[in-house]
Amino acid sequence: MRRGLADHVVDRMIRSVEVTHPRAVRRHVPGAPDLIARLTGSRIAGAHRRGKFLWLTFQEHDDALMVHLGMSGQMLIRSSGTSRDKHAHIVADLGGTQLLFVDQRTFGGWWLAPLTEVDGSVVPESVAHISRDPFDPAFDPKAVAVRLRNRRSEIKRVLLDQTAGMSGIGNIYADESLWRAKIHPQQVADELSRPAVARVVEAAQVVMTEALAAGGTSFDSLYVNVNGSSGYFSRSLNAYGREGEPCGRCGASIIREKFTNRSSFYCPRCQRLR
DNA sequence: TATATCTCCTGCGGGC
DNA sequence: TGCCCGCAGGAGATAT
C-alpha cells in the first residue's frame, strides 16, 4: 500500500478533505475541522511506513499524516466523480483523483503527528514507541532475538506486541512464523533457547517477505491495495485458517485454540509445548 | 515496571 | 423470515 501511495499521491496537492465519520479521525484530538484545515493546500512529499503504521509527509510543514488501517481499512485511489463507497469515511480531493479512506469496522483512522528523531530515524511521534520491522534497513535480527528472549510471556503475545522488538506482525503472520519455526505459540519466550528465538525472528522475516511479494494476505474484499486488488498470500498459508487440515510438513491435523479473544492455529506434532 | 485483559466496531454466518 | 449471538482483530486504556 505504501508503494501504491508513493506512485499515486506523492507530489500531489490536497485540495480539499471531507470527513464523514468521526471515528475515522478520533485519534486527531483537535478534531476533524483542524485536520481538514491543516491538510488542505498541503503537497504530499513522501509515503513512509513502520510496521502497520503508514504516514505521508508534506512539503510545507513537519506534521505527518498518520494512517492506520486497523482490521479493515483501505486507502483507495479513485477518479473524481466515482460513486461513493458506503464506508468511505474520509475523502481527500487531489484534483482529478480522490484518495479515499474506506474502513468497514472503523478500527483504523487518520491523524496528524509531528515528526521527531528516535534512535537515528525521523518518525512521527505516534510511531516513536513502535519497534522497527524486518524491512527496516536498521533491523538487527540478533538484537531483536535478545530483546524477545528477555520477555516472560508467551512467544505469540511477544510477537504481537509491536513494541517488544519487531513490528508488523499480526495474528496471521504470528501463527505462520511460529509454524515455520516449529515453536508452540504458548511457549514462554524466556524459556526458549537462543537458536529457537533466532529461528522465530528469521521465520517472521521470511513469512513477511513472501507475503509482501504476493501483495499481502487477503481473504475477502476488505484486503486490497490502492487500486482495489487483493493480495494472494492467503493461498500460501500453512497454519492460519487451516483447522482440521493436514500439516504440510507432517500431516497431523492443524489445531485451532482460543487465544486472547482470537484464535491460534498450529500443528500439534511439529509445534510441541516443551 | 511488566504483563494481562478489556474495549472499540461492523458485517456475516450459524442456530433457533 | 427474523432475531440473537459469536467471531474476526489492532492498539490504546485499564487492571493486575
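Any value given below was found using the heavy atoms of this structure, including those in side chains, with hydrogens, waters and symmetry copies removed. What you see is a predicted model; the values in this text were computed from it and never measured.
- Taking side-chain N and O atoms only, A:Lys86 has no distance below 4.0 Å to OP1 or OP2 of B:dT10.
- Only at 4.0 angstrom or more do the heavy atoms of residues 28-36 of chain A sit from any atom of DNA chain B, so none qualifies.
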Test salt bridge (Lys or Arg N to Asp or Glu O under 4.0 Å) on A:Asp119 and A:Arg132 and set out the steps.
CA-CA 10 Å; A:Asp119 195 21; A:Arg132 295 181 189 274; 3.7 Å; yes
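- With rounding to whole Å, A:Phe259 atom CZ is found 15 Å from C:dA8 atom C1'.
- Inter-axis angle, ends of the helix from B:dA2-C:dT16 to B:dC16-C:dG2, five pairs per end, rounded to 10 degrees: 50°.
- Looking at A:Asp34 and A:Arg38, a side-chain N of the basic residue comes within less than 4.0 Å of a carboxylate O on the acidic one, giving a salt bridge.
- Under the 3.5 Å distance criterion, with hydrogens and angles disregarded, no donor-acceptor pair is assigned to the side chains of A:Ser167 and A:Asp133.
- For A:Ser263, counting side-chain heavy atoms from C-beta on, the closest listed nucleotide (C:dG10, C:dA8, B:dC9) is C:dA8.
- Atom-to-atom, CG of A:Asn150 to C1' of B:dT1 comes out at 14 Å; the value is rounded to the nearest Å.
- Closest to the side chain of A:Arg27, from the set C:dG12, C:dG10, B:dC9, is C:dG12.
- Rounded to whole Å, the distance from CG on A:Leu160 to C1' on C:dG12 is 15 Å.
- Of all nucleotides listed (B:dC8, C:dA8, B:dT10), C:dA8 comes nearest to the side chain of A:Tyr240.
- The side chain of A:His87 contributes no N or O atom lying less than 4.0 Å from OP1 or OP2 of B:dT10.
- In summary, the side chains of A:Thr97 and A:His8 do not present any donor paired with an acceptor at a separation below 3.5 Å, with no hydrogens or angles considered.
- Under the rule for a side chain to side chain contact (heavy atoms under 4.5 Å, CB included), the partners of A:His68 that lie at least two apart in sequence or sit in another chain are A:Lys52, A:Phe53, A:Trp111.
- By the ring pair (Phe, Tyr, Trp, His ring centres under 6.0 Å) test, A:Phe139 pairs with no residue at all, sequence neighbours left out.
- Looking at residues 46-55 of chain A, you'll see A:Lys52, A:Phe53 sit with a heavy atom under 4.0 Å from some atom of DNA chain C.
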For nucleotides 4-6 of chain B, give me every protein contact, N/O to N/O, under 3.5 Å, one pair per line with atom names.
from, atom 1, to, atom 2, distance (Å)
B:dA4, OP2, A:Ser153, OG, 2.4
B:dT5, OP2, A:Arg157, NH2, 3.0

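- Contact annotation: A:Arg151 side-chain N/O to B:dT3 OP1/OP2 distance is under 4.0 Å.
- Note that CZ of A:Arg27 and CG of A:Leu35 are 13.0 Å apart. Values are rounded to the nearest 0.5 Å.
- Put simply, A:Gln162 has a side-chain N or O that comes within less than 4.0 Å of OP1 or OP2 on C:dA11.
- Between A:His129 and C:dG12 there is a side-chain polar atom (N or O) within less than 4.0 angstrom of OP1 or OP2.
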